[in-house]
Amino acid sequence: MFSAEDNVWMAQALRLAVQGLTSTSPNPRVGCVLIKDEKIIGSGWHQRAGEPHAEVYALREAGEAARGATAYVTLEPCAHQGKTPPCTDALIEAGVARVVLAVQDPNPLVTGKGIAKLRAVGIQVECGLMESTSHELNVGFFARMTRGTPWLRSKIAMSLDGRTALANGVSQWITGDAARQDVQHWRARSCAVLTGINTILADDAQLNVRDVETSRQPLRVVLDSQLRIHLGARILTPSPTGGGLGWGSVLIYTATQQPEKIAVLEKSGATVVALPNQNGQVDLPAMLKDLAQRGINEVLVEAGSILNGALLRAGLVDELVLYLAPQLLGDVARGMASLGELTELDQRVELQWQDVRQVGNDLRVLVKVKK
């Protein structure tokens, strides 16, 4: 169905899409190339929400030469009016003859409509080229569109025997400089970074992107059931992006009502949301649904064993990013996730290998949680 040339050009479109890795949220990362007479006549990628989509940039570059060309797009062109006009209309008006797509748009309100609109005017449309690669690039967008929750990725730095801190809580630094620098890239691509109140109290963590070029900071999210956060916490430092729930802001989920403290926190620029469950803790599934409604595609968890364990037990973790240092801390040191006692092997959390590579003197292991 697809030729070798098709594969070459779609690979180029995907390389363009990757350039939006840290900037397109809540929109997907999309790339487009226009080919005519075996040459690229136009290319583009979606850069930021509210700005032109990849197809528009490519068509602008191609101009009149787009008539009769083939467009390679990493996601089905939109067929509805959003913040920008429909890309299907632009492709039709430009007179392209063929459109090759990696994957359909997962949004249930729009999926398939772009394809149908193009075919209705006689444009040849083929879909499914490098589908898995495009899906992986936009795994959070697909998760939010299809199940109503973000993709949850938990980062854990630990010793080779699975320990994240000494018994007294000391953990700086188990992994080396290269691994800590690598974490910044995961933060930069994430829409939100999530932690628990114990990490804030112990480390006074800021959870912002440092030493990596990025056009925006992720939303910083704190789970604080009893609202124990102190008003001088560094994470409450005002973001250069401004207040409200913009990038770099702070969102605190709690299970208690403390009107006076909430008022002070919100005056400092934070947003506080009460989502209690029947046990007096933050309702974790409800929290993820709330984040999805706020346009959050990917969440990076940077927390201790209690929150990691709770998320794993609830079946909410999709992927683990594990940094393993070549050292042993012993069985008295703190573990990576508090799962409680397992009495049957059927209770174990099963994982699927994705990638293993050396980062500096440490290993980075990517695994997905089998569900």
Side-chain angles (χ1 to χ4, degrees), residues 22-27 48-51 83 140 144 149-155 183-276 280-284 286-304 307 311:
T22 67
S23 62
T24 65
S25 299
N27 291 351
R48 293 175 185 81
E51 296 185 6
K83 292 183 178 179
R144 182 166 66 88
T149 58
W151 184 261
L152 197 71
R153 180 183 290 120
S154 186
K155 183 277 296 182
V183 171
Q184 299 300 318
H185 293 280
W186 290 105
R187 285 186 184 180
R189 72 169 285 171
S190 301
C191 306
V193 179
L194 168 68
T195 195
I197 184 57
N198 288 334
T199 297
I200 297 298
L201 294 177
D203 301 334
D204 201 13
Q206 288 183 287
L207 302 181
N208 57 343
V209 179
R210 301 184 294 274
D211 304 322
V212 171
E213 185 176 347
T214 181
S215 60
R216 52 93 174 143
Q217 290 285 339
L219 175 69
R220 295 169 292 171
V221 183
V222 181
L223 268 66
D224 186 2
S225 294
Q226 302 307 311
L227 217 55
R228 293 186 291 146
I229 191 168
H230 56 83
L231 300 178
R234 291 196 302 165
I235 199 170
L236 297 176
T237 301
S239 166
T241 59
L245 273 178
W247 300 118
S249 299
V250 178
L251 174 60
I252 301 172
Y253 287 103
T254 187
T256 186
Q257 291 291 346
Q258 297 182 36
E260 292 184 1
K261 188 166 185 179
I262 290 174
V264 175
L265 286 168
E266 293 191 332
K267 187 177 181 180
S268 75
T271 297
V272 182
V273 176
L275 285 177
Q281 302 293 319
V282 173
D283 188 321
L284 297 178
M287 173 200 69
L288 290 182
K289 290 180 181 178
D290 184 70
L291 286 172
Q293 291 171 0
R294 298 175 189 275
I296 300 298
N297 292 331
E298 296 182 21
V299 177
L300 181 67
V301 180
E302 297 194 39
L307 181 53
L311 291 167

### Task
Please name all residues satisfying side-chain hydrogen bond (donor to acceptor under 3.5 Å, both in side chains) with Q281, sequence neighbours left out, ordered by chain then number.
S225
#### Entry: N27 versus R48, side-chain donor and acceptor atoms under 3.5 Å
no
### Message
Using every non-hydrogen atom in the two residues, find where A233 and I229 come nearest and quote the distance to one decimal.
### Response
CB-CG1, 4.1 Å
### Message
Taking salt bridge (Lys or Arg N to Asp or Glu O under 4.0 Å) as the definition, give me every residue that meets it alongside R234, ordered by chain and number, with sequence neighbours left out.
### Response
D204
### Query
Which atom pair, heavy atoms only, marks the closest approach of L219 to L291?
CD2-CD2, 4.3 Å
### Message
Give me the atom names and distance for the closest heavy-atom approach of V209 to Q217.
### Response
N-OE1, 2.6 Å
### Summary
Of L251, L194, T195, I235, the one forming a side-chain contact (heavy atoms from CB on, under 4.5 Å) with R220 is I235
### Task
For side-chain contact (heavy atoms from CB on, under 4.5 Å), just list the numbers for I296 and R144, CA-CA rounded to whole Å, side-chain angles, deciding distance to a tenth of an Å, and then say yes or no.
CA-CA 8 Å; I296 300 298; R144 182 166 66 88; 5.7 Å; no
### Message
Checking side chain to side chain donor-acceptor pair (under 3.5 Å) between Y253 and each of D283, D224, T271, D290, which is the one that passes?
### Response
D290
### Query
In chain order, what residues pass the salt bridge (Lys or Arg N to Asp or Glu O under 4.0 Å) check against K155, with sequence neighbours excluded?
E302
### Message
Looking at K289, is its backbone amide N or carbonyl O close enough to the side chain of R294 to form a donor-acceptor pair, meaning the two atoms are under 3.5 Å apart?
### Response
no
### Query
Are side-chain heavy atoms of R228 and L201 found at a separation under 4.5 Å?
yes
### Query
So, for A255 and G280, which heavy atoms are closest and what is the spacing to 0.1 Å?
CB-O, 3.4 Å
